[in-house]
Every structure is written in C-alpha cells, then in structure tokens.
There are 2 protein chains.
Amino acid sequence: MYDLPMRPFKHPPVSEFVLERLLYALSDPVRLDIVRRLAELGEASCGELDGGRPKSTMSHHFRILRDVGLVNTHTVGTTHMNSLRQDDVNSRFPGLLDAILVQKE
Amino acid sequence: MYDLPMRPFKHPPVSEFVLERLLYALSDPVRLDIVRRLAELGEASCGELDGGRPKSTMSHHFRILRDVGLVNTHTVGTTHMNSLRQDDVNSRFPGLLDAILVQKE
DNA sequence: CCCATAGTTCGAATATTATCGAACTTAAGT
DNA sequence: ACTTAAGTTCGATAATATTCGAACTATGGG
C-alpha cells in the first residue's frame with residue numbers, strides 16, 4: 001500500500017541469487033576491485049571507490065553489484081553507503097567469496 | 001625448434017591464470033554446464049556435451065574454457081577429449097572450483 | 001582412394017556491455 | 001530560497017560476445 005520513504009534500491013533476497021550472475025558481476029575488473037575494497041573497508045561510499053572514473057560509470061557498476069546480491073546500499077544523508085553482503089553470499093554459495101577474496105590481486 | 005606433431009591446442013600454464021577471466025568463462029550457462037558435466041564424467045568429447053547445439057557454437061565455448069585454463073583437451077583419433085584442470089585451478093585458486101561445483105544447479 | 005566423423009575456422013548477424021557526458025533528483029548547508 | 005554535494009538516469013557510442021551456417025582439416029575405416 002504505502003511506499004516506504006525513499007527506497008531507490010532493491011536488494012534481491014538470498015533465494016534469488018544466481019551463481020552465473022554473481023560470477024559475471026565479479027568478472028569485471030572494476031567491480032572486482034570494488035568488492036575487494038569493500039571487503040577491506042567494511043563499507044564505503046560510491047565516491048570513495050571511483051578511481052577517478054566518472055560517477056555514471058561507477059553508478060552502473062554498483063547497480064550491477066546490487067542487482068546480483070553482492071552489495072548492500074543504504075542512504076546516509078546524500079551519500080550511498082555500500083557494504084558486501086558477505087553473510088548472505090556465504091549462506092548461498094559457501095566458500096565462493098573467500099576463494100575470490102584471498103587473492104591479493 | 002621443432003613443432004610437435006599436431007598441437008592444435010595451447011593450454012596456459014598455471015602461472016598465467018587470471019581470476020577475472022576464469023570467472024567470466026564460468027559465468028556463461030553453456031560453459032558452466034560443460035564444466036559441471038566434466039566434473040561428473042571425468043572427461044568427455046565435445047560431441048557428448050553439446051545439448052543439440054551446433055558444433056561451431058560448442059567449439060567456441062571449449063576454446064574459451066581452454067584459453068582460461070579450465071579445460072584440457074587432447075586428441076584421440078578424430079575426437080577431442082576434454083577434462084577439467086582441477087588440480088591446476090585448485091593450486092592457483094584454492095576452493096574456487098569446489099565452491100562452484102557443489103552447487104547442484 | 002573415397003567417404004563419414006569430429007571438430008575447427010571464418011564470416012556475418014545479433015545482442016550485451018562498458019563508458020561517459022548531460023540532465024535530473026535528493027539531502028544538507030548557509 | 002540558493003547552492004553544493006553525491007548519485008542516478010538517459011542516451012549515444014564503441015567494444016565484445018554469442019550464435020550459427022558454410023567451408024575446411026584431420027583421422028580412421030572400408
């Protein structure tokens with residue numbers, strides 16, 4: 001009935017995670033880098049993780065990471081805080097993220 | 001100096017494996033299916049794994065799997081026998097293949 | 001030698017994707 | 001209100017990929 005105030009982002013439930021789409025999302029260097037740095041930092045805004053890339057480009061990659069279930073985004077003031085959905089991914093694909101994140105580079 | 005007799009396939013050494021490319025190769029449903037069935041069967045010819053798809057399509061996917069280091073192909077008569085380079089992949093990316101292959105589907 | 005079999009290679013059509021500028025939206029600050 | 005900051009959305013372009021038919025390349029058999 002009612003929309004909650006400002007819900008720009010839809011995050012899929014774990015039951016809708018699709019392995020192929022996760023793998024695809026992680027196969028892009030920019031996105032893999034985002035995931036790695038989120039794993040280090042715990043959370044970060046979009047702007048903190050652009051490597052000088054345009055906002056529109058980053059927004060695109062964050063959307064893909066959200067859509068496949070890898071990243072959670074919540075709004076804090078005017079910034080979007082992103083974090084890895086590590087527990088969710090682990091529960092659905094045990095060991096997958098760990099196997100990827102142990103790689104230094 | 002000399003070419004070995006008939007070496008159509010080049011398989012990359014483990015040191016040249018690239019995580020992003022592995023993930024990309026595995027993100028295609030056709031290729032992921034090939035990898036899963038090779039894991040079950042141990043080895044299989046190209047023809048055994050086409051699901052009615054044209055040979056040229058399958059050849060394309062096998063080439064990608066070979067190029068990234070996931071699959072080894074050796075010629076036996078007129079057929080090409082394929083197998084997973086599981087030990088090689090495990091040595092470079094421990095746990096990755098397991099995390100993917102435990103998924104039923 | 002001819003022929004069938006198993007794949008590869010080539011070429012072209014189609015579809016997806018990545019990238020980025022420009023315009024827009026929302027939230028804060030002054 | 002005006003302005004800035006942080007992202008998103010839209011649109012276009014360029015690069016990549018997938019698919020598949022057709023022609024080609026062995027290899028093995030009769």
Side-chain angles (χ1 to χ4, degrees), chain A residues 3-12 18 20-35 37-38 41 43-68 70-83, chain B residues 3-12 18 20-35 37-38 41 43-68 70-83:
Chain A
D3 277 342
L4 299 175
M6 260 310 279
R7 304 250 4 253
F9 308 125
K10 46 176 178 328
H11 299 93
V18 176
E20 287 91 327
R21 298 186 60 208
L22 275 261
L23 296 175
Y24 180 76
L26 292 166
S27 74
D28 181 275
V30 177
R31 290 192 293 263
L32 184 55
D33 192 55
I34 290 175
V35 167
R37 302 190 46 197
L38 285 180
L41 300 174
E43 64 174 18
S45 66
C46 302
E48 289 178 84
L49 302 185
D50 65 14
R53 270 173 275 270
K55 294 178 175 190
S56 52
T57 297
M58 295 310 285
S59 190
H60 168 245
H61 288 303
F62 274 107
R63 194 166 98 74
I64 289 177
L65 290 172
R66 270 194 305 267
D67 286 350
V68 303
L70 278 165
V71 163
N72 180 281
T73 306
H74 70 280
T75 300
V76 174
T78 118
T79 94
H80 293 172
M81 270 320 215
N82 304 284
S83 57
Chain B
D3 276 343
L4 298 176
M6 260 311 277
R7 303 260 352 257
F9 308 125
K10 47 175 177 327
H11 299 92
V18 176
E20 287 91 326
R21 297 186 61 209
L22 276 261
L23 296 175
Y24 180 76
L26 292 166
S27 74
D28 180 275
V30 177
R31 290 192 292 265
L32 184 54
D33 191 56
I34 292 175
V35 167
R37 301 189 49 195
L38 285 180
L41 300 173
E43 63 174 18
S45 66
C46 303
E48 290 178 83
L49 300 187
D50 66 14
R53 269 173 276 269
K55 295 178 173 189
S56 53
T57 298
M58 295 311 285
S59 190
H60 168 247
H61 288 303
F62 274 107
R63 194 166 98 75
I64 289 176
L65 290 171
R66 269 195 305 268
D67 286 351
V68 302
L70 278 166
V71 163
N72 180 281
T73 305
H74 70 280
T75 300
V76 174
T78 118
T79 93
H80 292 172
M81 272 319 218
N82 305 284
S83 56

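Only this structure's heavy atoms are used, side chains among them; waters, hydrogens and symmetry mates stay out. Order of the sequence lines sets the chain letters (A, B, ...), proteins ahead of strands, with each chain counted from 1.
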Apply the test side-chain contact (heavy atoms from CB on, under 4.5 Å) to residues B:Glu43 and B:His74: give CA-CA distance (whole Å), side-chain angles for both, the deciding distance (0.1 Å), then the verdict. CA-CA 10 Å; B:Glu43 63 174 18; B:His74 70 280; 3.8 Å; yes

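With the nearest nucleotide of DNA chain C identified for both A:Arg53 and B:Arg63, B:Arg63 has the one nearer the 5' end.
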Protein-nucleotides 15-17 of chain D N/O pairs closer than 3.5 Å?
| from | atom 1 | to | atom 2 | distance (Å) |
| --- | --- | --- | --- | --- |
| D:dA17 | O3' | B:Tyr24 | OH | 2.6 |

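Distance B:Lys55 NZ to D:dA26 P: 16 Å, rounded to the nearest Å. Between B:His61 atom NE2 and C:dT8 atom P the separation is 13 Å, expressed in whole Å. Computed from coordinates, the B:Leu65 CG to D:dT18 P distance equals 11 Å when rounded to whole Å. Atom C1' of nucleotide D:dT8 and atom CE of A:Met58 are separated by 14 Å, given to the nearest angstrom. One can place CD1 of B:Ile34 at 13 Å from C1' of C:dG7, the figure rounded to the nearest angstrom. Here the C1' atom of nucleotide D:dT19 and the CG atom of B:Asp50 are 14 Å apart, to the nearest Å. Rounding to whole angstrom units, NE2 of residue A:His80 and P of D:dA6 are separated by 12 Å. Atom CE of B:Met81 and atom C1' of C:dT8 are 18 Å apart (whole Å).
Residue A:His61 comes nearest to A:Asp28 through the heavy atom pair CE1-OD1, 3.7 Å, listed as atom of the first residue, atom of the second, then distance. A pairwise comparison of heavy atoms in A:Leu65 and A:Val35 identifies CD2-CG2, 3.9 Å as the closest pair.
The residue B:Arg21 sits apart from the nucleic acid: no heavy atom pair falls under 4.0 Å. Among the atoms of the strands shown, base atoms are found under 4.0 Å from some heavy atom of B:Thr57. Heavy atoms of A:Thr79 sit under 4.0 angstrom from primed sugar atoms or phosphate atoms, though from no base atom.
Distance alone, capped at 3.5 Å, is enough to place a donor-acceptor pair between the B:Arg31 side chain and the B:Ala25 backbone. Formation of a donor-acceptor pair under 3.5 Å by the B:Ser59 side chain with backbone atoms of B:Ser56 is not found in this model. Between the A:Asn82 side chain and the A:Ala44 main chain, a donor and an acceptor come within less than 3.5 Å of each other.
For the pair A:Arg66 and D:dT8, the criterion of a side-chain N or O lying under 4.0 Å from OP1 or OP2 is met. Taking side-chain N and O atoms only, A:Thr78 has no distance below 4.0 Å to OP1 or OP2 of C:dA28.
Of the candidate nucleotides C:dT9, C:dA22, C:dA6, C:dA22 has the atom nearest to the side chain of A:Ser56.
The six-membered or imidazole ring of B:Phe9 lies near that of B:His80, with a centre-to-centre distance under 6.0 Å.
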